[in-house]
Amino acid sequence: MLFLYILISLNMTPTDFQKKQVEIEEEIFSFAKERGLANDKIEAIADGVADAEAYLSSYPRIAWVGKEPYDAVDEFGNPCDGGWSLTEGFRNTKDWSIPTWKQVIYAMYGLRNNLHYNEMDYIQNNPKMGDVMQAIAWVNLSKMPRLSTSSDKKYISDYREYWRPIVQKQLAFYKPDVIIFCNTLAEACLEDFFPEGKEPDECVYYNDSDCFICVYKNGNQLLLDAYHPGARFSEEKKEFYVNSLIDTIRKYKP
């Protein structure tokens with residue numbers, strides 16, 4: 001179980017932090033090859049923290065837990081490529097047009113700058129807002145590239161069969177104060193945190209019927225099981241999604 005893993009203190013320099021993260025990245029790539037998941041057409045995609053200093057100095061420290069990464073598609077429509085890390089993208093990307101990243105940026109930028117959705121610039125007019133992606137930990141439950149239309153059952157089975165120990169190691173190492181799950185907690189890994197099961201401490205509803213966030217308190221850690229940020233929201237729902245994440249974190253901030 002997740003918290004039986006020995007927690008590594010974050011009382012370390014950014015250099016030491018980055019060295020440990022590189023070790024985990026190498027473990028991800030090696031594991032995929034050892035288990036026959038990678039071949040000459042497809043490799044794993046690593047994830048984690050893009051800027052060690054920014055993450056270590058942030059409060060609250062925040063991790064997002066996604067499903068699986070995406071890359072290219074071969075001539076037969078199968079996922080391919082990989083062999084890189086999302087942290088590279090977070091450091092180097094200037095185009096934040098992918099809906100998933102846009103909603104994450106709005107939520108994180110608003111939280112860090114005490115703003116709500118309608119008080120922020122549009123990301124396309126202010127790409128520097130995307131710098132907040134460097135100060136979070138991004139952890140996918142499966143590390144192999146998939147299609148955007150892949151079945152949810154595939155990422156869950158891959159997590160449980162292959163990637164759970166490495167994901168546990170990542171979350172124990174990053175030791176986030178807040179973990180935002182992209183509709184992945186109840187679906188895939190609730191028992192890792194609550195072996196006996198647990199009902200949410202609170203649900204945040206849109207129009208009193210649509211639950212956007214399930215809130216779980218786990219000691220001093222806050223777990224939010226939210227809609228996936230890449231969901232097709234109306235502008236009204238997008239605003240609610242971003243603001244409800246900001247307000248919930250502020251309310252329960254560890």
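Atom set for the values below is all heavy atoms of this structure, side chains included, hydrogens, waters and symmetry mates excluded. Keep in mind that this is a model prediction, so the values were computed, not measured.
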Asker: Drop me the distance from D95's CG to N92's CG, to the nearest 0.5 angstrom.
Answerer: 13.5 Å

Asker: Backbone N or O of A54 within a donor-acceptor pair of the D51 side chain at under 3.5 Å?
Answerer: yes

Asker: Using a strict threshold of under 4.0 Å (side-chain N to carboxylate O), is an ion pair present between K20 and D16?
Answerer: no

Asker: Does the side chain of S244 pick up a donor-acceptor pair with the side chain of D247 at under 3.5 Å?
Answerer: no

Asker: Given 3.5 Å as the limit, does a donor-acceptor pair link the side chain of E119 with the main chain of H116, or not?
Answerer: yes

Asker: Are a donor atom and an acceptor atom from the side chains of E236 and Y206 found within less than 3.5 Å of each other?
Answerer: yes

Asker: Give a yes or no on whether the backbone of T184 and the side-chain of D225 come within a donor-acceptor separation of less than 3.5 Å.
Answerer: yes

Asker: Is it the case that the side chains of S209 and N207 hold a donor-acceptor pair, with the cut-off being a distance below 3.5 Å and no angle test?
Answerer: no

Asker: Charged N to carboxylate O under 4.0 angstrom, E191 versus R164?
Answerer: yes

Asker: Does the ring centre of F193 sit less than 6.0 Å away from the ring centre of F181?
Answerer: yes

Asker: Do you know which two heavy atoms are closest between Y227 and D210, and how far apart they sit?
Answerer: OH-OD1, 2.7 Å

Asker: Less than 3.5 Å apart, any donor N or O on the side chain of Q170 or D47 sitting next to an acceptor on the other?
Answerer: yes

Asker: May I ask you to decide if K41's main-chain N or O and N39's side chain share a donor-acceptor pair within less than 3.5 Å?
Answerer: yes

Asker: Is any side-chain heavy atom of L56 closer than 4.5 Å to one of V49?
Answerer: no

Asker: So for atom CD, which belongs to E199, do other residues, nucleotides or ligands contribute more than 12 heavy atoms lying within a distance under 6.0 Å?
Answerer: no

Asker: Looking at K143 and E68, does any basic side-chain N land under 4.0 Å from a carboxylate oxygen?
Answerer: no

Asker: When you check the side-chain N and O atoms of S85 and T87, is any donor under 3.5 Å from an acceptor?
Answerer: yes

Asker: Please confirm whether the ring centroid of W163 lies under 6.0 Å from the ring centroid of F31.
Answerer: yes

Asker: Could you verify whether a donor N or O on one side chain and an acceptor N or O on the other, from Y216 and E202, lie under 3.5 Å apart?
Answerer: no

Asker: Listing request: all side-chain hydrogen bond (donor to acceptor under 3.5 Å, both in side chains) pairs with a residue in residues 127-138, at least two apart in sequence or in separate chains.
Answerer: K128-D131, W138-N140

Asker: Does E235 come within less than 4.0 Å of K238, counting only side-chain N to carboxylate O?
Answerer: yes

Asker: Just by distance, do the side chain of T248 and the backbone of L245 share a donor-acceptor pair under 3.5 Å?
Answerer: no

Asker: When you measure from the side chain of Y109 to the backbone N and O of I123, does any donor-acceptor pair fall under 3.5 Å?
Answerer: no

Asker: Answer yes if the side chains of D121 and Y106 hold a donor-acceptor pair under 3.5 Å, and no otherwise.
Answerer: no

Asker: Closer than 3.5 angstrom, by distance alone: can the side chain of N243 be matched with the main-chain N or O of Y117 as a donor-acceptor pair?
Answerer: yes

Asker: Report yes or no: does R91 contribute a side-chain atom to a donor-acceptor pair with the main-chain N or O of A50 at less than 3.5 Å?
Answerer: yes

Asker: Whether the side chain of Q221 engages the backbone of P176 through a donor-acceptor N/O pair (distance < 3.5 Å, no angle test) should be reported.
Answerer: yes

Asker: Using every non-hydrogen atom in the two residues, find where W84 and F29 come nearest and quote the distance to one decimal.
Answerer: O-CZ, 3.5 Å

Asker: Tell me, please, whether F233 has K237 positioned over its six-membered ring: NZ or CZ under 6.0 Å from the ring centre and within 45 degrees of its axis?
Answerer: no

